[in-house]
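Notes for the one structure printed next.
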Amino acid sequence: MAFQGTALFLFLLVLVNSVEIQGDKTTHLHFYFHEIYAGPNATAVGAVNPPRNDSAFGAIGVVDDMLKEGPDPSSKLIGRAQGLTTVASMEKDSGILTMLNLVFTDGPYKGSTLAIFGRAVLGTVMERAIIGGTGEFRMARGYTLSKQVPSPQGLLILEYDAYISH
Ligand SMILES: *[C@@H]1O[C@H](CO)[C@@H](O)[C@H](O)[C@H]1NC(C)=O
Ligand SMILES: *[C@@H]1O[C@H](CO)[C@@H](O)[C@H](O)[C@H]1NC(C)=O
């Protein structure tokens, strides 16, 4: 059946591996994060301006970014990354504290979420903690590794690997 073929294809694309270790399941997800940072369809907005005029410290943004199977903007949408980004570093190192809820809306984890917390510095391989989850990812712990990949003007694309114990 075509539907089953499609479902299997998505499953293979999204789920790299899932193994049982001492009763805990470990799942590795590979996907791409797409953020439109400017224009009428921006998925990231500045919500609170920084209080001081000589630093970005204290700025708060809100995002409803897209999670896609691939790096291509036309690639299939599998979820959203919804949350807050704050400039929580007084140093001018562009470190951002992010609090993101990954909400899977398609594929094998449709209806499940992952809560991610941690520091993001663009231009590096960013490691952030997975501090919880819901649905298939109830009681999740783990980490994500993400890095920027080349993207068209106005778009920020990060390649994500998530390693989840749940
Ligand atoms: C914004 O989204 C609308 C609706 O999908 C689309 O028609 C329009 O072309 C988009 N604008 C830009 C600048 O991408
Ligand atoms: C920034 O704030 C300082 C202190 O309030 C003020 O003296 C200065 O004029 C401000 N600079 C600008 C560019 O607004």
Side-chain angles (χ1 to χ4, degrees), residues 1-21 24-45 47 61-85 96-166:
M1 255 170 82
F3 172 76
Q4 282 178 343
T6 306
L8 179 63
F9 180 64
L10 290 180
F11 185 81
L12 291 175
L13 266 180
V14 174
L15 176 69
V16 175
N17 63 60
S18 181
V19 292
E20 298 278 343
I21 301 169
D24 264 357
K25 193 187 248 187
T26 301
T27 299
H28 171 205
L29 298 181
H30 179 248
F31 54 89
Y32 290 80
F33 167 106
H34 294 234
E35 175 172 295
I36 304 171
Y37 56 77
N41 298 336
T43 59
V45 293
V62 178
V63 302
D64 185 7
D65 293 326
M66 296 166 284
L67 303 179
K68 298 193 172 191
E69 281 181 345
D72 194 294
S74 66
S75 148
K76 185 178 171 64
L77 187 70
I78 57 162
R80 313 291 301 200
Q82 299 171 332
L84 301 177
T85 59
I96 307 281
L97 177 65
T98 63
M99 288 149 273
L100 298 175
N101 200 32
L102 305 190
V103 181
F104 293 96
T105 56
D106 211 332
Y109 298 107
K110 181 177 179 176
S112 298
T113 67
L114 280 176
I116 294 180
F117 185 92
R119 184 165 187 262
V121 181
L122 284 180
T124 68
V125 176
M126 299 173 274
E127 178 173 350
R128 283 175 269 187
I130 294 172
I131 57 172
T134 66
E136 288 289 318
F137 297 130
R138 231 177 237 178
M139 306 291 285
R141 285 171 298 113
Y143 63 97
T144 65
L145 296 176
S146 54
K147 63 172 193 288
Q148 196 170 355
V149 298
S151 47
Q153 182 71 22
L155 203 57
L156 167 72
I157 303 180
L158 304 178
E159 181 178 12
Y160 256 81
D161 284 288
Y163 300 90
I164 311 148
S165 295
H166 55 109

Rounded distance [0.5 Å steps], [atom1] in [X] versus [atom2] in [Y]:
X: Met99; Y: Thr85; atom1: CE; atom2: OG1; result: 8.0 Å
X: Glu159; Y: Tyr32; atom1: CD; atom2: OH; result: 3.5 Å
X: Ile157; Y: Asp65; atom1: CD1; atom2: CG; result: 11.5 Å
X: His28; Y: Asp161; atom1: NE2; atom2: CG; result: 3.5 Å
X: His166; Y: Phe137; atom1: NE2; atom2: CZ; result: 5.5 Å
X: Tyr37; Y: Ser151; atom1: OH; atom2: OG; result: 6.5 Å

So, the side chain of [X] versus the backbone of [Y]: is there a donor-acceptor pair under 3.5 Å, distance only?
X: Lys68; Y: Ser74; result: no
X: Ser112; Y: Glu136; result: yes
X: Thr98; Y: Gly118; result: yes

With a 4.5 Å heavy-atom cut-off, do [X] and [Y] have their side chains touching?
X: Ser165; Y: Ile130; answer: no
X: Leu114; Y: Tyr109; answer: no
X: Ile96; Y: Val121; answer: no
X: Met126; Y: Leu158; answer: yes

| said: Once salt bridge (Lys or Arg N to Asp or Glu O under 4.0 Å) is applied, do any residues pair with Arg141, and if so which ones, sequence neighbours excluded? | reply: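 Only Asp24 meet the salt bridge (Lys or Arg N to Asp or Glu O under 4.0 Å) criterion with Arg141.
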Minimum heavy-atom separation for [X] to [Y], with atom names?
X: Leu155; Y: Pro73; answer: CD2-CG, 3.7 Å
X: Thr43; Y: Glu35; answer: OG1-CA, 3.5 Å
X: Leu145; Y: Tyr163; answer: CD1-CE1, 4.3 Å
X: Glu69; Y: Ser75; answer: N-OG, 3.4 Å

| request: Using side-chain hydrogen bond (donor to acceptor under 3.5 Å, both in side chains) as the criterion, point out the one residue from Asp64, Thr113, Asn101 that pairs with Gln82. | output: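 Of all the options given, the one that passes is Asp64.
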| task | Give the intermediate values and the outcome of side chain to side chain contact (heavy atoms under 4.5 Å, CB included) for residues Met66 and Ile36. | result | CA-CA 9 Å; Met66 296 166 284; Ile36 304 171; 3.8 Å; yes
| said: For Tyr160 and Phe31, take the angle between the two ring planes, folded into 0 to 90°, and tell me which bin it lands in: parallel under 30, tilted 30 to 60, perpendicular over 60. | reply: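 Ring orientation, 0 to 90° scale: parallel.
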| Would you say the side chains of Arg80 and Thr105 form a donor-acceptor pair under 3.5 Å? |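 Judged by distance alone, the side chains do not pair up.
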| request: Could you go through the side chain to side chain contact (heavy atoms under 4.5 Å, CB included) check for Phe33 and Leu67 one step at a time? | output: CA-CA 5 Å; Phe33 167 106; Leu67 303 179; 4.2 Å; yes
